[in-house]
Amino acid sequence: AFPLVTCLLVALGWQFYLHPRHIVRTRQVSEGLALLTRAAVFWLVLVPKFSLLGAVQFYLLYNWVAADYIFLNFAVSHTHLPTVPKEDTQVDWIRYAAVHTMNVAPGPFKWVNWWMSYLNFQIEHHLFPSMPQFRHPLISPRVKQLFEKHGLVYDQRSYPAAMGVTFKNLHKVGNDVFYG
């Protein structure tokens with residue numbers, strides 16, 4: 001259900017509730033105008049061409065594909081790893097990045113770097129959030145050495161292995177919630 005329903009619901013919730021609310025609260029006039037322009041283009045271009053039903057179906061389809069792409073690639077580096085226990089108030093920033101995130105290996109021809117826009121280097125992303133993503137592969141060997149020096153696991157898996165463990169965990173969590 002995660003790729004079929006949840007990703008689309010989260011994207012729609014963001015687009016129609018969270019993002020507009022943020023725009024109003026922060027008084028981002030230019031962003032609000034951009035959102036209104038997108039809605040105007042939808043009504044003026046898509047509805048006359050495809051009918052209201054066709055335009056809504058097109059909108060839902062492209063949002064579903066985009067949301068799946070984004071959320072699955074975010075989930076692959078996070079969802080199957082342990083969470084921080086409430087009683088753990090002393091976890092440091094580097095240890096947190098080591099234990100609670102993982103990287104996805106670049107793969108043949110480094111295609112995963114392109115596919116995930118370099119966010120397959122989640123450990124480096126969490127350690128250096130303001131660093132441009134395309135620089136993460138450059139610092140990755142140094143981060144790996146730092147982890148080894150301090151006895152931390154530098155968790156890096158192939159894309160299929162990471163996706164497999166992610167879906168296995170989502171299935172387990174879903175069953176735990178659904179069946180109790």
Side-chain angles (χ1 to χ4, degrees), residues 1-89 91-94 96-97 99-104 112-136 139 162-163 166-167 169-174 176-178:
F2 180 75
L4 299 175
V5 178
T6 307
C7 293
L8 180 60
L9 290 176
V10 170
L12 294 175
W14 172 261
Q15 290 176 48
F16 292 110
Y17 178 68
L18 293 173
H19 193 201
R21 185 179 73 167
H22 171 75
I23 290 170
V24 170
R25 285 181 172 179
T26 58
R27 297 186 176 110
Q28 297 290 325
V29 175
S30 61
E31 201 165 333
L33 289 173
L35 209 60
L36 290 173
T37 301
R38 180 178 180 220
V41 168
F42 176 82
W43 282 102
L44 297 173
V45 175
L46 292 179
V47 172
K49 186 170 179 80
F50 298 110
S51 80
L52 179 60
L53 179 61
V56 168
Q57 289 172 331
F58 176 75
Y59 181 83
L60 291 174
L61 177 66
Y62 92 73
N63 270 278
W64 175 67
V65 170
D68 276 1
Y69 168 75
I70 290 168
F71 295 134
L72 289 173
N73 282 315
F74 284 166
V76 77
S77 299
H78 296 90
T79 60
H80 58 278
L81 297 167
T83 57
V84 180
K86 280 185 177 181
E87 61 276 358
D88 189 355
T89 59
V91 67
D92 61 82
W93 170 54
I94 293 174
Y96 179 88
V99 174
H100 303 288
T101 55
M102 59 150 285
N103 287 355
V104 180
V112 177
N113 293 355
W114 169 80
W115 177 249
M116 293 183 70
S117 301
Y118 293 100
L119 283 177
N120 51 315
F121 292 92
Q122 276 297 298
I123 295 169
E124 289 75 12
H125 172 67
H126 283 217
L127 292 174
F128 307 103
S130 62
M131 177 181 282
Q133 293 159 209
F134 69 90
R135 300 221 186 265
H136 293 157
I139 64 162
M163 205 49 88
T166 297
F167 276 103
N169 182 63
L170 288 171
H171 181 74
K172 180 192 174 306
V173 169
D176 289 349
V177 169
F178 189 75

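Source: prediction; values computed, not measured.
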Point to revise | Separation between CZ of Phe128 and CZ of Arg135, rounded to the nearest 0.5 Å | key: 13.5 Å
Study note, to complete from the structure: Closest non-hydrogen atoms of Ala67 and Ala11, given as atom of the first, atom of the second and distance, are CB-CB, 3.7 Å
Review point. Rounded to the nearest 0.5 Å, what separation is found between the CD1 atom of Ile23 and the CG atom of Leu18?
Key: 11.0 Å
Practice item. Nearest 0.5 Å please: distance from the CG atom of Leu127 over to the CD1 atom of Ile139. Key: 7.0 Å
Exercise for review: List for me each residue that meets ring pair (Phe, Tyr, Trp, His ring centres under 6.0 Å) alongside His19, sequence neighbours excluded, and say none if there are none.
Suggested key: Trp14
Exercise for review: Indicate the atoms forming the closest heavy-atom contact of Met102 with Val76, along with that distance.
Suggested key: SD-O, 3.8 Å
Exercise for review: Examine distances only and state if a side-chain atom of Gln133 and a backbone atom of His125 form a donor-acceptor pair shorter than 3.5 Å.
Suggested key: no
Exercise for review: Assess whether side chain to side chain contact (heavy atoms under 4.5 Å, CB included) is satisfied between Leu119 and Phe74, documenting all intermediate values.
Suggested key: CA-CA 8 Å; Leu119 283 177; Phe74 284 166; 3.9 Å; yes
Exercise for review: Answer whether the closest heavy-atom distance between the side chains of Thr166 and Leu72 falls below 4.5 Å.
Suggested key: no
Revision key, fill the gap. dist Met116:CE -> Asn73:CG (nearest 0.5 Å) comes out at 4.5 Å
Point to revise | Euclidean distance, Leu33 CG relative to Arg38 CZ, rounded to 0.5 Å | key: 15.0 Å
Check your understanding: Do Ser77 and Thr101 come close enough that some side-chain heavy atom pair is under 4.5 Å?
Key -> no
Exercise for review: Taking side chain to side chain donor-acceptor pair (under 3.5 Å) as the test, write out the residues that go with His136, two or more places apart.
Suggested key: none
Review point. With sequence neighbours excluded, what pairs up with Thr26 under the side chain to side chain contact (heavy atoms under 4.5 Å, CB included) test?
Key: His22, Gln28
Compile the donor-acceptor pairs under 3.5 Å between side chains in residues 46-59 and protein atoms, sequence neighbours left out, one pair per line.
from  : atom 1 : to    : atom 2 : distance (Å)
Ser51 : OG     : Gly54 : N      : 3.2
Tyr59 : OH     : Gln15 : OE1    : 2.2

Check your understanding: Judged by modelled atom types alone, do Asn120 and Asn113 share a side-chain donor-acceptor pair under 3.5 Å?
Key -> yes
Study note, to complete from the structure: Contacts of Tyr69 meeting ring pair (Phe, Tyr, Trp, His ring centres under 6.0 Å) (sequence neighbours excluded), chain-then-number -> Trp115
Exercise for review: Quick one: closest heavy-atom pair of Trp64 and Leu8, and the distance?
Suggested key: N-CD1, 3.7 Å
**Study point:** CZ/Arg27: more than 12 non-hydrogen atoms of other groups inside 6.0 Å
**Key:** no
Review point. If you draw a 6.0 Å radius around CZ in Phe178, do more than 12 non-hydrogen atoms from other residues or ligands fall strictly inside?
Key: no
Check your understanding: In Å and rounded to the nearest 0.5 Å, what is the CE to CD distance from Met131 to Glu124?
Key -> 9.0 Å
Review point. With sequence neighbours left out, what residues match Asp92 under side chain to side chain contact (heavy atoms under 4.5 Å, CB included)?
Key: Ile94, Arg95
Exercise for review: Identify, with sequence neighbours excluded, every residue that meets ring pair (Phe, Tyr, Trp, His ring centres under 6.0 Å) alongside Tyr96.
Suggested key: His100
